[in-house]
Structure formats: C-alpha cells, structure tokens
Amino acid sequence: MLNSHDQQAHGGADDYVIGIDVGGTFTDVVCSSGSRVWRAKAPTDPQRFEAGVLAGCDLVAEKIGISTESLMRKVSRFGLGTTAVTNVLAARTGRKTGFLTTAGFEGHLLGARGARTPNEGWLEMPWMPLNEDAVKGLRERIDRNGDVIIALDPADVRQAISTLVNDEGVEAIAVSLLWSFRNPVHEDMVASIAAEVAPDVPVFRGHSLHPQIREYERSTTAVLSAFASGALDGVDRLEAKLEQLGLAQPLLLLHSGGGAISLPEAREAPLKLASSGPAAGAVAAAEVVRAAGIAGALCCDIGGTSVDVAVIRNGEAERRQRAEIGGVVTGQSAIDVESIGAGGGSIAWLDSRGLIRIGPKSARATPGPACYGRGGTEATVTDAMLLLGFIDPDNFLGGGMRLDKTASEAAYARLGAPLGLSAIEAALGAREIAIAEMAKALRSRIASGGLDPRQFYIVSYGGSGGLFSAELAAATHVGGVIAPGLSSVLSAFGAASADLRRERSASVAECFPVEQAGIAETLQRLHAEVVDDLKRDGVAEDSISVRLEAELRLYRQKASLTLPLDGATLDQGRLLDEFRSIYADKYGEGALMTGTAIELSSVMAIGVGATRRAQIASATPGLGNVTSAAPSSTREIWLSSDKPLQVPVYATGDLEEGMTFTGPALFDAPDTAIWAPANTAIRVGAGDSIIIDFLSAGEIH
Amino acid sequence: MTNPILLEVLRCKLEAIADEGARAVQRTAISPVVADAGDCSCAIFTPNGDLMVGGGNVQAHFKTGSNGIREILERHGSTLQAGDLFLTNDPYNGGGFHAQDVFIHQPVFIGGELVAWVGSSAHMMDMGGSVPGSFAPGATECYQEALRFPPVRLSKAGVEQSDIWSILRCNIRVASLVEMDMRALISGSNVIARGLSELVEEYTAPVFAEAVRELIALSEREMRRRIAQLEPGVYAASSWTEWTEELFLIPCTLTIDDDFMTFDYTGASPQSKHYFNSKPYVVKSLLGVEIAAYIARDLPFNEGIFNAFDVVAEPGSIMDADMPAPIGGPHLDVGQNAIEVGIRAMMMAVMVSPGSIAHSTMAGPTSGSGYGLHTWSGLGLDGKPDSWLMLEGGAVGSSAGFDRDGCDYYQSIVGKGSQTEIADVEILESWYPILYERRGPARGAAGAGKFRSGRGSSAAYRTTSAAPLFGAILGNRERVPIAGTAGGEPGALTKFRVRTSDGELSVMPCHSQGNMLEPGVTFEYDICSGGGWGDPIERSIELVEADVRHGQISEDDAARVYGVVIGDVARTEQLRQQILASRLERAEPALKPLQADAIPASAWEGASGQLHVGVEQRGSVAVSERSGAPLAISPAHWTDGCPRLVEPGGAKGHYQLVRYLDPVTGYALAVDVVAQGLERAFSTQPRRWTDAAEIAAREEAVTA
C-alpha cells in the first residue's frame, strides 16, 4: 500500500495529505503522512455531500488517534474529487439558463450540427438545457480576422438581458458570439452590461472558457457552465466547515483534466469538474504506472454497466480537447475517458435470433444481479462470474454482502434452456461474449488512438476489473495487466496526488512556415497567464513550472498531434520533422505524402504548481527471491463445462513486493478479485500492485 | 448449428475488426469530407461478395461493395492472388454510388484459399471530369462526368502498379489530396485484412465460413419473420424527380408475400440525359438501411437483411440506366425518390399491421429526395485556386412521426444517427472566401400537420473574394414537394437564390452548373423537408403558439394553416370548425359516394382491421374512424368515398394537391401530391381488404 513517500513531494513528518472522492454511495478518504496511510469509507448523503466528507475525516482522525481539529490544522493539502457538477448534469437540475448569440445564428446550438441521438428507434435532438424561448440573437458581427463588421448596440444587449431575466426568469446567462476567440470585445461588453442590469445573474462567456475556433463548442461550454453554476454550493459549505475545523490550506478540486484547481477557479468554470471522478481514477492509475516503470497503459475501470477506458502514455493520462459531457460535445478539455461495452451488471439475454447477447441493458445496483437477492432475476455478468467460481459468495465486498449462488444458477439455467445449454455452459458463454464486447470497445479505442497495444499494459480497477483484464489483454494483444493495490480507493488517491494544473490555449490555424513573432508573443502571453492563474490559486512563483505545447495537423485534417515546445521561439524545422516522424510511425510511411501542407492548429501553455501530494514509491531495485505466499485456499473455477479446475487463492493481505506466482491463480482483495489465467507469470510490484505477464502471447485459457 | 456462443463472439470480433479499419481510414484521410465529416466505410464480405459486416459512418455504402466484388470475380476471378488490391469507381462496372466514391477491394487468402474480401470506400474530392469535384449536372454522357475505373489492380501480388496511379494523377484535380485519401483507404483495408487473417486462423477457415453463413442466415430468418408480421398485399406510392420543368416518374409497387418484400419500380420514366440516372444495386443498398431502421435495427446488418427483399426495375429506365447515360448521382435525386416511395409504401403496410415491430416508429417517408448539395470553386483565401462541396445542403428536414414533430437537418426520423456533421460557420469561413449572414432552420408553415415536419437547413452567405466564385447545384424538390402522411400537408421546397446588394433576388435553378457568384452578392438557400403527419387542424394549440413565438410560422400561418388564433381558445375552436366546413363546401364530390343505407348488412361481416390511419375495415366496408362514415366497399380503394378538395400546387401548377376528406367532419384523411395527370399517387391494398368482397360473396352464396 502507500507504504512510503517521496521525501520531496511529501516530506514533513508531521503533516498530512488528504484525498477525498465523493461517490454516489460512499465517500472515500485517503490520508497519508510520511510513510503511513489511513483509509476510510463513509456513506454519501446525496442532499448534503459535505456530511459524508466530514464523517470520513472524523473516521480517519480516529484511526490516526488525534482529533479532527488537530488533523485539519496539520493538513498540508486537501484534495477533493466531487461529482457535484456531474450530478447536476446527470439529473438535469441546474440553473435556468439564457443564451445570447449572434443574430442570424440563434439556431446553431439547438441544431447541434445535425447530430442526433437514437432512442428506441427514433432519432432525437441531443440534450441541451435550454428552452428555445431563452435564446436571443444580438445584432453584431466579427469576421475571421477579428474585425468588427457590425458593431454591437448596448441598447440591444440591455433589452435582451432584461427579457431573459424578467420574462423568462433565467438564473444564469451564457453568451457566445461568432469569432469571439479572435476578438472578445462584444462578449466582454455583454458581460459588463449584464453586471449592471442583472448583477445577481452570473454570466459565462464563450471566449473566456474556450478560446478556440468552432462556435458550437464555445456555445455548449458556456451554456453547460451556466447551467451547472449552482452545483458548487455544497462545496462552499464544506469549505466553510473545514475552515472552522482549522484547515489552513485552500481546498483543491480535482478537475476533468486530471489536475487540481481552486474553488474560485471552479466557480468561474464549473464544467471543469464535470467528470472529475473518472479523471481521478486515471490520475491515480498514471501514478501506479509511473511507479511500475511502464511506458503506456490502458486504464480499464470495469463497473456495473460499462468499462471506462483511459489511455496513459509517457506517464500521463491522455486528454482530449473536445470532451463529450452528457452527450454534448463541449470545448472542455478532459482526460479522455470513454464509457463503453459491458460491465458486471450487464444483462445476458436471448435475442430474437436465439443468440445470447450482453447489455446494453444493465441491472445496475437495484434491482442488481440475481445473486444480490434484491429482486433482480435476470442473468447478469456478475451472476456468471459467481456461478463459474470467480467470485466468492461468502466474501463479496469484504464479506459485507452474501451472494445467492442458487439465484444465479436459476437465472442461467433459464437463459440456457432454449439453447439446450446447462447453467454452467450458458454462464461460460455469457462470460466469453462479455469479454468479446469489452474487447471490441477496447480495440476501437486502440484503433482511433493509433496505439501499438504490445507496448501497453492494462491497469484494471473497479469492482469487476480484475476478473476480466487478463483475457481482455490477450484479446487485444496488450502486453500484460497491472491491478493496483489501492484499487478500492483509487479515485481518492487521485485527489490526493493530482498536481495543481492550469491551462490556457489559443487557436492559430496557420500553415507552416508560420509567422514567428506573432506565435512567440501568443505563447509568452499564455505563459504569463497560467503563471498568474496559479499564483492566484496560492502557488508560490518558484513552485510553478510551465510547459508549452503546439498542436500540429495536416492541413484541415481532424486528428492532430501534440508536440512539446522548447520555448516561445519555435524551431519550425524541428517541429515539422518531429511531426512527420511521429505521423509515419502511427500510420505507416505510405500514409504521408511529401508536399502536403502542415498546419499549426493551436498552442497551449500548461502550468503546474508543485504542491504536497501523495505518491507511490517506485519499485524497490534488486528485490527478488521473496518467498512466495502460501495459498489461503483453493477454489473451483469453471473454464470449460466438463469439470471445474482447482485454482489456488491468495489473499492480497499476505502479499509482499517481489513475490512471484504462476497462473492459474486468484487473488482475493477485500472488495475485488484478480484472475490470472494459465500461462501467466504474476509478480507483486510497488504499492502492492499485482502484475500479470503472459508467458506466450495469446495462449491463455 | 455452430455453437451459439461462438456465433455471437465472432460477430463481436468481426464488428471490432471492421470498426478498426474505418477508424484507421478516418484518422489518416485528409480531406474534410472524410477526416472531419466521416464520409467513409469499411466492410467485410464472403468470398462470393455477400456482406458479412460493415464499419464506419456510411452504412448505405456497405452493401454496394458486393457489386464491385461480383464484378471483380467475373473479370479477374481466375487470376486472384494474395496481395492484390483493386480500385473501382464506375457504377456501370462494379462501382459504388458514383465515381467519387472510390472503392478499394482486397481479397484475403489463408493458405491459398480465398476466405473473405475487404471493401473500403470514401468520397474523393475530385475524380476528374468537366467540373471540380466531379459533380457535373450539365453532363449529358457519363464520359463527361468523371474518370471511371472498372475493377483494376492498384497492387498485384503485393507489388504496387504505379501505372494506375499515374493515369489517376494525370486525370484528376487536387491529385495529391485524393492520393492521400486513397492511401487512407488502403491503410484501412490492410488493418482489416490483418485482423481478419488472425481471426480466420484462430477459428480455422471451415469453421469461420460456416459460422458466417449461419450469422447471415439468422439475420435473414429474423428479418423474414418481421416481414411476415406485415399484412400481405400490394402497397404503392409514386413521386417525381425534377429537372427544371421536366418531371420523371418514380413509382413503387411493394408486394408483401408472406415473408418477402418486392419493391417493383416498373413504370419509371425512361433513362435521362441527366446525372441522376440510377441502378438497382444502388437502390437496394440504400433501401436496406432504411428498412432496417424500421424493422431490424437490433439485427446484425449483413447479407441476411438483403436476402429478405428485392428491387425490380426495367433495364433502360431511369431506375436501371445503360451507358452512356450520365450516372454522377444514382443515389441522389432518383435514388432518393426511390427510397422515399419504397418507404412510403412499406409504411402503408405498417399502418395496417398493428402487430409489426415498426408500428411504434410510424412516420412519413425519408426526405433525401430534396438534397441541395452545391459546390464552389474560385480563388481561395490564400489567393490560389480552390474548390469545395457545401455538404450542409444535404441537411433536409425529416417527415413527421405519428406522435412527434420531424427531425431537423435529417432525412429520416428513425435510424442510427450517423449522418455527417454540418461544419461550423467559423470553420467554413476560415477555409473558404465566404461570410455568412445567417444560418439556421428554414422557416415557414410547409410540412404542417398534427405533427409538423422537421426543418431543413437555410442560410445566406456572400463571397469575400475579389474574384467571382463558380459553382454547380445538385438540388431537387424545387417544384413538387414531398407529400405528407395521414392528412399531413406536403413539405417545404428547396430553393437557391442570389441577392444583389440592391436587394434584387433571382433564382438559381436546382440543377445547374457554371453559376457565378459575383463579389458582394449574397447566395441564399432553403433546403426542403418531408411532410407533416395528421391534419394540422388537430395540432395542439400550445405547439402552434410555440412555433409562432420562435419565429417558425407567422400569426397569419397559425390562423390559415392551423386554425389557431393566438391566445384565444374560443375563437380558435370557432375558426377550426369554419375551416373544416369550408373544406367540405369547396370539395369535389367523392368518386363513388357511398350511402350507409345502401350497404347490405352482410357486407359488415368478416375480417376487420386498420386500412389507413383514421380508416378502418369492417368486413367489406371501409369506414372513417372519426365519423363512422362508410367510404368504400371491397375491393374499391378506400378513398373512393371521400370528397376531394383539389388545389393547384406551385406557382405554375406543377402538381395538384388532393385532400381526401372525411365526408362528415371535413378532416383530411390523406393529402396527396400528384403530377403528370396521375389520379392518385398512393394505394393501399392489403389482401385482407381486396379478398374481403370475394369472401363475403362466397359466404353469401353459402348462406343462400
């Protein structure tokens, strides 16, 4: 576990780092100090999420043996991952939002560029928290050069805002005008008039949230931000309460991009918190991968209904510039987490052709799989895994819940009967199809990223991750599997370990050779802005480091490559060579024809503020020949319908770094299990990670 | 039967492989149409060209690959080798939709045995011919349209045939761009061939072949079962493709016989001198996607879908043209009209079959026959020649559904939602020398109904270049609109106009090339829509008021079309009654008026069921559900007893609008759009209805 810490990152013996993840059911707390770590779980109160956080802190303080107050006084970092914004978006309970845009283009947001969502056969408009009555056009126009060709009339603005606030009753306003990222003068004017006319109504401007080309993303970002702007009330209450308890450090909120931001910044750009939960998991997984010394990984968080997949390359979780939030494409950059395929609760059913299918319907937590005994009767993937012996019915969730194996058996007997399959045969089939569905999703992710899977490991977490990862790795030609030792509190650990991070970007869209001076000026401006941002977040100037990046792409191509820059002055020749070489690497020499124009699409400054953060110690060098642990028991696992295999089961509590095993083997953790099939070598790595390697590729069963 | 688990696992793996190929194409292509809008597809076929699985956005392309593979087998079947790569793009010789849709076909061999084909395709920015982009509405022979390849080897046994690349590069514009995109297709094809080889080796070739056969057979069996849920009988619909004043008839007679559907286009106009001549394989590919959206959206989309229906057309007709007729858009105007009437006919069968799986998504037909694609060329922003296709002209409004308004910017209200994206105004303005004045949904009251149609795209933009732009328009539905359904009004028309700085408007014809856009003038378009569903008089007052508030219709439209007086329920009720009464006053008498007391009591006995929305069959009598008024006795068509309100349509009376009214209440049961002297453009003759008279007669004889 978090048994030692990097001294530089977290040195003082008497200070504490706290990371918290507020989930739907439980609030997880991780607290570390020097070489020690404490964990706690408290129930989440959906109405008052600060209650769960405070209860978790009390529990941790109790475990440490000090009062909550003295713990708080000694906290050098308090990181929080919260689903507050996610919940507002999911439950669609945000502020009533008004939208101001360039007259003549009022329909661009609701038209959604023609994107439509299938639902029960029909095509429907993607969700947008906006009533057409609350959309008003402003007569104004700025052109592609940023020149004002129709000036904005302040009287029109006053009129429109007054209609929105007084007649439509909007509680927040989004303004997004054409080409505002080139010239924000009109959007800024709207904001200052609104501050006068309706000082209580917050205004969100497209250009300040997402200063990039494409009006649709700027508009969705502004509207969803306005809609979600009330979600932080609970965080405000929490901060006040923690201050009372003596917390001297500002609250750090984990954002979708995998960094942390201050509360004031979150208030300005609430959408940044939209998918902080999955991002936290990926940040922590990146830390695990770093500690294990592996270059790249596919994070697979296999939960009840889906697999959440993120990619880690060069020690960092990959981000995407235009994240989809609530089914809407936005300009928000975020760790690229895709929810795909099937999960533990996915239902196995017979389709009208008479074949078994898995998902997309899920039994979720209620009624849940048949074995939960909560009224669910349909056969789920979890039921299959229980029936086949992978899950211990007496030890599910650390023994917190007894599973009913006979219910699973009945469900699978019913499913298999029309096909002439026994319950075991049907369950074996369901497992195999579930793996094929998950693998399909994973392959699609590998293909769109142009990744070479052999260079990657799967980092598995989530309730069901460890049971499927080895087979998934084999099916997708991924090198091996890492199951982190702290998988049950991974997101909380992410909140404790994320860097304070601010980004600023600017659209360029010029073909090489680009005008040197202009780009240098832009980069210097972005650099100065992120430094200011971080200073405002309370980071000392000497703790700030800034990285500059450029996005390059073939002229008008969609996919782009992000390249690091040495400084504000571009070495254009080097950049182009690097682009061509990476491109040819990814797509083959034949894909790139000489003479094609290359475009600098945007530049970006990423500022990182070094703060106290939790880390996993790197692998201990020279460790080996640690005596292997004895199995705690054996279990019957069905891998074919003839007879079960006797498989040794190891308790993760008995494992030590450096131990090695060979598959088949099962590793039981309090809240999950890890399956290593035959023909695999297993070793225990840093932070009690379980690492599975294939002895010969593709030969596992 | 093969192990059912294996079948499902194999399906997942095949889908994964096809998807990998499509993603590789999209990532490596560079033209915005492919890279950004995703106009590409990758499909896998059996050794004889049956569709196994497809990947990528353009589902309608999947099946067209069969056409190429069958052509290759015929021409090169005896000389196929591993490492061969075929290029084909000629609709007359194994191509896809049109010359720009280039196909790369690759045979996959395992141990010397042909186990599968990979077909990847995408829309190329240019394939030569008389105009940039190869959309040449002025062409009168296929030779003028584009450079066409029958299946030829781009690579032979792994050796690139540079001669073919040389011919290609020499004959097309933006050759480098096209070559990059074609190489993207090759990358995708290779990705699939690699994945497929591993898969076949894993399962062994015989097991793989048998499993694929069964997957296809399972889709077919289920597809047939669902067709059998439809009332057997004959359902027909007609519509027209336009070329300025000239109209081309596209009739479809759908026969549902047990578990099989035949879409027969016999009677279509002879082939024309225009690009929109079509081919049956094109129509079958398109129709398969639309049919599947209604009755097979959950089934694996493979050859089994296509085995359950057929498309019949007369050689030499506009539905099955011969060389040298132009063939630049067999999937556009005529092809889309063919889908529209096919789906309208199928919907009439669905209306009378409450047990059909499609009954929950009843809607008007597809509206792709009103596409308004247009191209421009001239000096780009960098002062160099540039040319491009305005895809947003494809954003038609859909027909309405039976319980909801239509979908904006979409040709259908059902389906998977994978239509190509409309580009942002800022993207277009940053790429091309144009400046938009407005863009949004087309306004107006067309497509009215209890549920109104979706709205097509509408915009105005001007050129910012000092030099003029020249362009072509491939539009349709400029004169004759798409009819509504179940009493709904016809949809909006497609219009292209030019407005000078003095505000003077002039029309640019829907089919034209060499159009000039001078600096300072504004180009405007409105793209058409499908029709409404149900009588507009039945639309909820709330929805009408919202349409007025949002600027969709005027208060005058609300009163005239919907009988709604804004903010006044009482006067609305009054006005609606007036409109209904006035319809009956103005209507021509029914063709064969039917008096209830003239119907023998025995005629009411026998089978009953739906005949049309709002019309019921009771024994041998068709009855208006709303009023109970009898309309016709079997086997006459139910419309025979409806008073007809006939109005000339369009400024020059290009068509007639015929409203078939409930004789008692005046509500419209159907609003027909007819041209060229045709009496009625739809007919619904389920066997249950046409046989009713005979059965009744037989029973009467027995009783007597």
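None of these values were measured; they are calculated from a predicted model. First the proteins, then the strands, lettered A, B, ... as listed; each starts at 1.
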| request: Measure from the side-chain N and O atoms of A/R144 to the backbone N and O of B/E429, and report whether any donor-acceptor pair falls under 3.5 Å. | output: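 Yes, because the side chain of A/R144 sits within donor-acceptor range (under 3.5 Å) of the backbone of B/E429.
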| task | Keeping the roles fixed (side chain from B/E20, backbone from A/S444), state whether a donor-acceptor pair exists under 3.5 Å. | result |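 Absent.
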| Is it true that the side chains of B/S219 and A/R353 contain a donor and an acceptor less than 3.5 Å apart? |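 No, A/R353 and B/S219 have no side-chain donor paired with an acceptor closer than 3.5 Å.
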| task | Indicate whether any N or O donor in one side chain lies under 3.5 Å from an N or O acceptor in the other, for A/H477 and B/E198. | result |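 Side chains of A/H477 and B/E198: pair found under 3.5 Å.
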Is it the side chain or the backbone of [X] that comes within 4.5 Å of chain B heavy atoms, both, or neither?
X	value
A/R431	neither
A/L421	side chain
A/S352	both
A/I149	side chain

| Among pairs that include at least one residue of residues 106-126 of chain A, which meet ring pair (Phe, Tyr, Trp, His ring centres under 6.0 Å), considering only residues two or more places apart or in two chains? |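 Every pair satisfying ring pair (Phe, Tyr, Trp, His ring centres under 6.0 Å) with a residue in residues 106-126 of chain A: A/F99-A/H108.
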At a 4.5 Å cut-off on heavy atoms, which part of [X] comes close to chain A: side chain, backbone, both, or neither?
X	answer
B/Q552	neither
B/D405	neither
B/I434	backbone

Sidechain N-carboxylate O distance under 4.0 Å for [X], [Y]:
X	Y	result
B/E426	A/R214	no
A/E124	B/R404	yes
B/R11	A/E437	yes

| field | For A/R357, all residues meeting salt bridge (Lys or Arg N to Asp or Glu O under 4.0 Å), sequence neighbours excluded | value |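 Per chain and number, A/R357 pairs via salt bridge (Lys or Arg N to Asp or Glu O under 4.0 Å) with A/D351, B/E8.
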| Atom pair CD/CD1 of A/E432 and B/I5 - distance to nearest 0.5 Å |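 Rounded to the nearest 0.5 Å, the CD-CD1 separation comes to 7.0 Å.
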| query | salt bridge (charged side-chain N to carboxylate O under 4.0 Å, His left out) between B/D19 and A/R443: does it pass, once the steps are laid out? | reply | CA-CA 9 Å; B/D19 180 64; A/R443 287 172 75 161; over 6 Å; no
| field | Test item: B/D408 and A/R116 side chains (from C-beta on) under 4.5 Å apart, heavy atoms | value |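 The answer is yes; the side chains approach within 4.5 Å.
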